[in-house]
Amino acid sequence: MDKRKKGSTELRLMVVGSSGPSQFQLTNAILGREEFPKDIASISGSMKNSGELAGRRVAVVNGPSIYEKDISQAKRKMELRRSKCLCIPGPHAFLVAFDIENISPNDIKTPRLMKERFGCHCLRHCMVLLATEGHLEDAVLEDKVLKTNWHLKELIQKYGGRFHTFSKNWRDRSRDQALLQKIEWLVASLGGGCFSSRTFQTAEDYVKKEEKKLRKQRAAEIEKAWNEMEKQYIAEELYHQKDAYTTSVGAEIRAKAEMDNEWLRTSLARGLGTGFIVGAVLGALVGSIEGPGGMVLYGIIGGAVGGSAGGTAQVAIKHMEDRVAPPARLNFNSIFINRFFAAPRP
C-alpha cells in the first residue's frame, strides 16, 4: 500500500463490474449525474470522471467490464493499463458493483480475476456495491445478504464482508453520506493511503515521463503566453493569471499523458506485431491452397486484420474457422476479403 498523499482532498475510486450496467449505474450514483446512459452494459475504453460525493472531491475510473468479450485480448490489456494510468498513484478504494437481484456465476469469480489484474492484495481495498431499484430497509437487506441469498453472502465474504447499497436512480442522494463514510473508514483502516503495486508504479513512471515530454514540446507556447500576460497585468494579478494558466496547462498535459503514453503505445505495438505474425501464419496456411502469391497476400491482409483487431490469435483463428471450408468452386480470395473488409453493419 502506498501512503503518499495521505489526507488528500480527492478520493480516487476504481469502479469495477463483471457484466451488465451496474458499474456504470454506480458511477452515475457517485457523481450525481448521468455520465453513462441508462442500462449501458459495456464500454470499449477506460474513462475518468470527476465530481463530488457528499461534498468530497472524487475521481471515478471506469474500464471495460472485467468479463468483456467484445474486445480483443490485446485491447483489454491496453485498457487495463490505461485504467491504471488514469488512477495513479493508485486507487484509494476499488468499488465492485453488482445487481443485488442478479448475481451471476461470473460475479462469483471476480475476486480471482481482480487479484490477477490488480495485485494479490487489492481485495483489502475493495467494497461491494449492490445496485437496487429503491431503498431497502436495513432489516430486509440484512436478511437478504446474510440469510436468504447464499451466493450473495459468499461473494461479499470474499471482499472482506464490506458492502453497501446504492439506487439505480442517480437522482436519489439519500445514501451518499453513508457511502462516503464507509469508503473513508476503509481507507483509514488501511493507514489512510492508496493501493499500489508494481504495475501502478510503472504506470506512474510512464505518465510522468510523458508529462515531461509534453511540457518540453509546449515550452515555447507557455513562454509566449506568459509574455502576453506580462503586458496586460502587474503585481499580484499577474501572479494569479500565471498561476491559473499554469494549472490549466498542467491539468491538460496530465490528462493527455494518462490517456496516451509510451507504456500504452508499446502495448498497442505488440498487439499489431502479434497480428502480423498471425497473418503470416494464416498466409502460410492458405498459401498451400493458392501458391506463394496467396501466402504473401494473406500475410499482408492477416497482419492488418490481426492488428486492427488488437493482434489476438483468438480473433484471427475464429474468423478463419468461419471461412475455412468455403462452398465448392467459390473463390477463396473473395471470401477472405469480404469477411474482413466488408462495410460495417449499421
Side-chain angles (χ1 to χ4, degrees), residues 1-14 27 31 35 43-52 56-64 74-75 77-92 118 193-273 307-308 310-311:
M1 182 186 69
D2 192 335
K3 294 189 178 182
R4 289 173 297 175
K5 299 194 176 185
K6 186 174 180 178
S8 170
T9 57
E10 181 180 71
L11 280 173
R12 293 181 300 279
L13 307 175
M14 180 84 77
T27 296
L31 298 175
E35 199 62 54
I43 56 176
S44 60
S46 300
M47 301 174 61
K48 178 166 72 172
N49 294 286
S50 297
E52 289 190 358
R56 179 80 182 265
R57 289 290 300 170
V58 293
V60 184
V61 175
N62 292 85
K75 170 70 171 173
K77 180 178 180 180
M78 186 175 71
E79 290 306 327
L80 176 61
R81 287 185 173 188
R82 197 192 307 275
S83 69
K84 292 176 180 179
C85 290
L86 290 170
C87 210
I88 59 172
H92 291 97
F118 297 107
C194 63
F195 172 80
S196 189
S197 66
R198 182 176 56 82
T199 54
F200 273 104
Q201 291 164 5
T202 298
E204 185 174 17
D205 290 342
Y206 276 98
V207 169
K208 288 182 175 179
K209 182 179 178 181
E210 188 73 15
E211 281 186 283
K212 185 177 180 180
K213 184 178 77 172
L214 292 174
R215 288 183 188 280
K216 186 176 181 180
Q217 291 175 355
R218 299 185 62 174
E221 172 195 333
I222 294 171
E223 184 178 0
K224 181 179 178 181
W226 280 16
N227 290 337
E228 291 297 322
M229 290 178 196
E230 288 172 355
K231 297 175 183 178
Q232 300 178 46
Y233 307 102
I234 59 173
E236 189 173 345
E237 182 63 19
L238 175 60
Y239 169 79
H240 287 309
Q241 290 293 330
K242 281 188 173 182
D243 185 58
Y245 174 76
T246 302
T247 300
S248 176
V249 171
E252 182 183 340
I253 288 174
R254 175 61 174 262
K256 287 183 177 180
E258 289 175 344
M259 289 296 292
D260 181 29
N261 56 65
E262 188 179 349
W263 197 40
L264 304 178
R265 292 191 290 269
T266 300
S267 176
L268 179 61
R270 286 176 178 172
L272 290 171
S308 65

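Worth saying up front: this structure is predicted, and the values here are computed from it rather than measured.
For Thr202 (side chain) and Arg198 (main-chain N/O), a donor-acceptor pair under 3.5 Å exists by modelled atom type. Using a distance-only test at 3.5 Å, with no hydrogens or angles considered, a donor-acceptor pair links the side chain of Arg12 to the main chain of Gly90. The backbone N or O of Glu223 lies less than 3.5 Å from a partner atom in the side chain of Asn227, making a donor-acceptor pair. Between the side chain of Thr246 and the backbone N or O of Asp243 there is no donor-acceptor pair closer than 3.5 Å. For the pair Arg56 (side chain) and Leu11 (backbone), a donor-acceptor distance under 3.5 Å is absent.
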* Assess whether salt bridge (charged side-chain N to carboxylate O under 4.0 Å, His left out) is satisfied between Glu228 and Lys224, documenting all intermediate values. => CA-CA 6 Å; Glu228 291 297 322; Lys224 181 179 178 181; over 6 Å; no

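Ring pair Phe118/Phe200 is parallel by interplanar angle, where below 30° counts as parallel and above 60° as perpendicular.
The side chain to side chain donor-acceptor pair (under 3.5 Å) analysis of residues 231-240, with sequence neighbours excluded, yields the pairs Glu236-His240, Glu237-Gln241.
Annotation: side chain of Arg254 is in contact with side chain of Ile88 (closest heavy-atom distance under 4.5 Å). Side-chain contact between Glu10 and Ser50 is present, with heavy atoms from C-beta onward closer than 4.5 Å. Side-chain contact between Thr27 and Leu13 is absent, with no heavy-atom pair separated by less than 4.5 Å. No side-chain heavy atom of Pro91 sits under 4.5 Å from any side-chain heavy atom of Val61.
Annotation: the span from Lys48 atom NZ to Met259 atom CE amounts to 10.0 Å, rounded to 0.5 Å. Ile43 contributes atom CD1, which lies 8.0 Å from atom CD of Glu79 (distance to the nearest 0.5 angstrom).
Taking a cutoff of 4.0 Å between a charged side-chain nitrogen and a carboxylate oxygen, Lys213 and Glu210 qualify as a salt bridge.
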